[in-house]
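Data block below; observations after.
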Amino acid sequence: MPVGTPRTQAGISIAIARDPSLVRTVRLVAAAVARRASPSEDLVEEVRLAVGEACAVMVSGLSGVVTEAPDDKVKLQMDIGERLYVSLSCASDGAVSYSTDAIDPWALLRGLTDDLVVTNRDGQTAVAMSWAV
């Protein structure tokens with residue numbers, strides 16, 4: 001984006017079935033949106049990795065067994081403003097949570113994001129991340 005060009009709000013929403021073969025597609029979408037937000041390939045790679053990891057954990061859960069209801073989807077929302085905001089959510093039994101135990105499915109994300117918030121509420125797990133752009 002040329003210097004002095006005002007930044008406009010942009011975003012994308014997608015929902016995928018809890019199918020591991022679709023995680024690659026989500027990573028590609030995340031990289032494309034990150035590239036639109038910033039020319040920094042380092043940022044694009046961080047976002048691609050973080051979104052892919054979060055999506056993979058949500059698709060498979062801690063047990064690696066997907067118990068999918070017909071309308072159970074992983075939902076991704078990305079918004080570009082002053083920061084690049086990413087949120088993912090899916091139905092869960094609370095097993096996919098933020099943990100400081102030895103098995104922490106979100107450990108990689110803490111190193112890739114400026115901030116990470118994982119919540120389990122009302123049968124939903126939500127992950128929110130953001131990066132400066």
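Keep in mind that what you see is a predicted model, and the values were worked out from it rather than measured. We use all heavy atoms of the structure for the numbers below, so side chains are in, but hydrogens, waters and symmetry mates are not.
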*Using the side-chain contact (heavy atoms from CB on, under 4.5 Å) rule, take M58 and T125 through it: C-alpha gap first, then chi angles, then the decisive distance, then the call.*
CA-CA 8 Å; M58 291 183 139; T125 295; 3.9 Å; yes
*What do the steps show when you test V86 against W131 for side-chain contact (heavy atoms from CB on, under 4.5 Å), and what is the final call?*
CA-CA 9 Å; V86 176; W131 293 263; 3.6 Å; yes
When clusters are formed by joining ILVMFWY residues with side-chain heavy atoms under 4.5 Å apart, either directly or through shared neighbours, do [X] and [Y] land in the same one?
{"X": "V26", "Y": "L43", "value": "yes"}
{"X": "L22", "Y": "I12", "value": "yes"}
{"X": "L49", "Y": "V33", "value": "no"}
{"X": "V47", "Y": "V44", "value": "no"}
{"X": "I80", "Y": "V29", "value": "yes"}

*Can D19 and V59 be said to form a side-chain contact (heavy atoms from CB on, under 4.5 Å), step by step?*
CA-CA 6 Å; D19 179 347; V59 162; 5.7 Å; no
To the nearest 0.5 Å, how far apart are [atom1] in [X] and [atom2] in [Y]?
{"X": "I16", "Y": "C90", "atom1": "CD1", "atom2": "SG", "value": "9.5 Å"}
{"X": "L109", "Y": "E46", "atom1": "CG", "atom2": "CD", "value": "11.5 Å"}
{"X": "N120", "Y": "S89", "atom1": "CG", "atom2": "OG", "value": "11.5 Å"}

Considering only heavy atoms from C-beta outward, does the side chain of [X] approach that of [Y] to under 4.5 Å?
{"X": "L84", "Y": "M78", "value": "yes"}
{"X": "V133", "Y": "E82", "value": "no"}
{"X": "E53", "Y": "V51", "value": "no"}

*asked:* For L88 and K75: C-alpha separation, side-chain torsions, deciding distance, then whether side-chain contact (heavy atoms from CB on, under 4.5 Å) applies.
replied: CA-CA 5 Å; L88 291 104; K75 297 172 185 98; over 6 Å; no
Could you report the tightest heavy-atom contact between [X] and [Y], atom names first, then the distance?
{"X": "A54", "Y": "W106", "result": "CA-CZ3, 3.9 Å"}
{"X": "T113", "Y": "A50", "result": "CG2-CB, 4.2 Å"}
{"X": "D72", "Y": "A91", "result": "OD1-CB, 3.4 Å"}
{"X": "V74", "Y": "C55", "result": "CG1-SG, 4.2 Å"}

*Go through S40 and D42 one step at a time and tell me if the side chain to side chain donor-acceptor pair (under 3.5 Å) criterion holds.*
CA-CA 5 Å; S40 168; D42 289 340; 4.8 Å; no
*Pairing residues for R27 by the side chain to side chain donor-acceptor pair (under 3.5 Å) criterion, not counting sequence neighbours*: none
_Main-chain N/O of M129 paired to D114 side chain as donor or acceptor, under 3.5 Å_ = no
*With the threshold set at 4.0 Å, does a side-chain nitrogen-carboxylate oxygen contact exist between D115 and R83?*
yes
